[in-house]
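Below, chain A is the first sequence line, B the second, and so on; all start at residue 1. This is a predicted model, so every value here is computed, not measured.
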Amino acid sequence: MRRSLLAGPVLEVAPRLLGMVLRSTTDEGTVAVRLTEVEAYDGPNDPGSHAYRGQTARNAVMFGPPGFLYVYFTYGMHFCMNVVVGPDSTPSAVLLRAGEVIEGVELARLRRNQSVPMKTDRDLARGPARLCVALGIGREGNGVDLLAKNSPIALLDGVGFDGVPATGPRVGLREAADRPWRFWIPNDPTVSPYRPHVPKKRA
DNA sequence: GGAAAGATTTTCT
DNA sequence: GAAAATCTTTCCT
């Protein structure tokens, strides 16, 4: 995996991530997933992006060079992760929404079953927060260089994906959710089910 | 300094 | 289909 491959415009890079492999190693063991669903966020031009209103302590990683991991905490209980892409200092990133566990299935199953028992293997990493749980990635994953030698979390070329990616609206956003910047591998069972966003009521 | 909503998941009716 | 769980960040007074 070359870093230059991630340095292009986010809308070009995002679909290329499909089929690539993300491998995470901790003292518990190793889990790897083949990415089946991603979502693009285009920094300052994108009202749905965390970087839309400028750099903060939380999103600082997005403003750095491509190939780093941006992990954020949301809904009081979940982590989600992004791969920073684009040229240096352009705060674009790709949300990793789902994947197929191809290595360390037993460990992934163990982690997921700690909160919810009796999950089927297809659901192990089917959704952005589930993906983080399966890989054992939390706050400490923020800012990790995915392309560094011996990195505990690494992005690998994998088998790639030769077909035409499916595209559709993004999920869970209040702003600009309609932009067709979500990409997934057609007919893959590990792609998360689409749920239209419902804004929470204001008191 | 406080309120509101959130790039979600799970469970219950 | 609705609602809860739970805490960080952002936005407004």
Side-chain angles (χ1 to χ4, degrees), chain A residues 10-11 13-15 17-18 22 33 35-63 68-86 90-101 108-143 165-184 189-203:
Chain A
V10 62
L11 290 179
V13 174
L17 291 177
L18 295 173
L22 189 68
V33 302
L35 300 176
T36 57
E37 182 184 1
V38 300
E39 210 164 81
Y41 287 87
D42 185 21
N45 308 314
D46 181 1
S49 170
H50 286 174
Y52 182 60
R53 294 171 186 82
Q55 183 170 349
T56 66
R58 176 220 220 178
N59 63 26
V61 178
M62 291 180 75
F63 289 79
F68 284 73
L69 193 66
Y70 166 47
V71 178
Y72 67 91
F73 187 65
T74 190
Y75 290 103
M77 64 195 81
H78 296 303
F79 290 102
C80 298
M81 61 180 156
N82 300 248
V83 176
V84 176
V85 303
T90 61
S92 299
V94 179
L95 172 70
L96 307 183
R97 290 195 53 86
E100 172 192 3
V101 178
R109 206 180 281 146
L110 188 68
R111 284 169 172 158
R112 290 273 292 128
N113 282 350
Q114 284 178 353
S115 53
V116 186
M118 300 300 289
K119 283 292 124 191
T120 62
D121 286 355
R122 113 191 266 234
D123 284 329
L124 288 178
R126 193 183 186 216
R130 294 165 167 186
L131 185 62
C132 284
V133 172
L135 290 172
I137 292 174
R139 197 176 254 79
E140 71 286 351
N142 192 46
T167 66
R170 296 185 292 185
V171 178
L173 293 82
R174 182 175 47 172
E175 302 288 345
D178 55 325
R179 302 188 189 190
W181 289 353
R182 186 164 65 101
F183 304 91
W184 66 94
T190 62
V191 171
S192 65
Y194 175 63
R195 305 191 201 81
H197 179 56
V198 185
K200 287 201 171 178
K201 62 174 188 292
R202 187 175 278 266

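Rounded to whole Å, atom P of C:dT9 lies 15 Å from atom CE of A:Met62. In this structure, the CZ atom of A:Phe79 is 11 Å from the P atom of C:dT9, given to the nearest Å. A:Trp184 has its CH2 atom 19 Å from the P atom of B:dA7, to the nearest Å. Rounded to an integer number of Å, the gap from CZ of A:Arg111 to P of B:dT9 is 17 Å. Distance A:Arg170 CZ to B:dA7 P: 10 Å, rounded to the nearest Å. If you measure from atom CZ of A:Arg97 to atom C1' of B:dA7, you get 7 Å, rounded to the nearest angstrom. Taking atom OH of residue A:Tyr70 and atom P of nucleotide B:dA7, one finds them 9 Å apart after rounding to whole Å. Atom CG in A:Leu124 sits about 13 Å away from atom P in B:dT9, given to the nearest Å.
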Worksheet item: What dot-bracket string describes DNA chain C from 5' to 3', counting Watson-Crick and G-U wobble pairs whose defining distances are under 3.5 Å, with [ ] for crossing pairs and | for pairs to another strand?
Response: |||||.||||||.
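Remark: the backbone N or O of A:Gly54 is paired with a side-chain donor or acceptor of A:Asn59 at under 3.5 angstrom. Judged purely by atom type and a 3.5 angstrom limit, A:Glu100 has no side-chain atom pairing as donor or acceptor with the backbone of A:Thr36. Checked by atom type and distance alone, the side chain of A:Arg182 never pairs as donor or acceptor with a backbone atom of A:Thr167 at under 3.5 Å.
Using a 4.0 Å cut-off, no side-chain N or O of A:Arg182 falls inside it from OP1 or OP2 of B:dA7.
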Discussion item. Let's go through A:Leu35 and A:Phe183 carefully: what are the C-alpha distance in whole Å and the side-chain angles of both, what is the deciding distance for side chain to side chain contact (heavy atoms under 4.5 Å, CB included) to 0.1 Å, and is it a yes or a no?
Written reply: CA-CA 11 Å; A:Leu35 300 176; A:Phe183 304 91; over 6 Å; no
Practice prompt. Decide yes or no on side chain to side chain contact (heavy atoms under 4.5 Å, CB included) for A:His50 and A:Tyr41, but give the supporting numbers first.
Written response: CA-CA 8 Å; A:His50 286 174; A:Tyr41 287 87; over 6 Å; no
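Using a 30° and 60° split on the angle between ring planes, A:Phe73 and A:Phe79 fall in the tilted class, from 30° to 60°.
Between A:Arg139 and A:Met77, the one whose closest nucleotide on DNA chain C sits nearer the 5' end is A:Met77.
Tested against A:Trp181 for a side chain to side chain contact (heavy atoms under 4.5 Å, CB included), the candidates A:Val10, A:Val38, A:Asp42 yield a single pass: A:Asp42. When each of A:Arg112, A:Arg97, A:Arg111 is paired with A:Arg130, the side chain to side chain contact (heavy atoms under 4.5 Å, CB included) condition holds for A:Arg112 and for no other.
Comparing the P positions of C:dT6 and B:dG2 gives a spacing of 22 Å, expressed to the nearest Å. A distance of about 15 Å separates the P atoms of C:dA3 and B:dA5, rounded to the whole Å.
As judged by a 4.0 angstrom heavy-atom cut-off over every strand, A:Arg112 is placed among residues touching the sugar-phosphate backbone only.
Between A:Val33 and A:Leu135, the closest side-chain pair of non-hydrogen atoms falls below 4.5 Å.
In the set C:dT8, B:dT9, B:dA7, the nucleotide with an atom closest to the side chain of A:His78 is B:dT9. The side chain of A:Phe73 sits closest to C:dC7 out of B:dT8, C:dC7, B:dT10.
To the nearest 0.5 Å, the span separating OG on A:Ser92 from CG on A:Leu11 amounts to 8.5 Å.
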Between N or O atoms, less than 3.5 Å apart, protein on one side and nucleotides 10-13 of chain C on the other: list the pairs.
unit_1	atom_1	unit_2	atom_2	d
C:dC11	OP1	A:Arg53	NE	2.1

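By the 5.5 Å and 30° criteria, A:Tyr72 is not stacked with the base of B:dA7.
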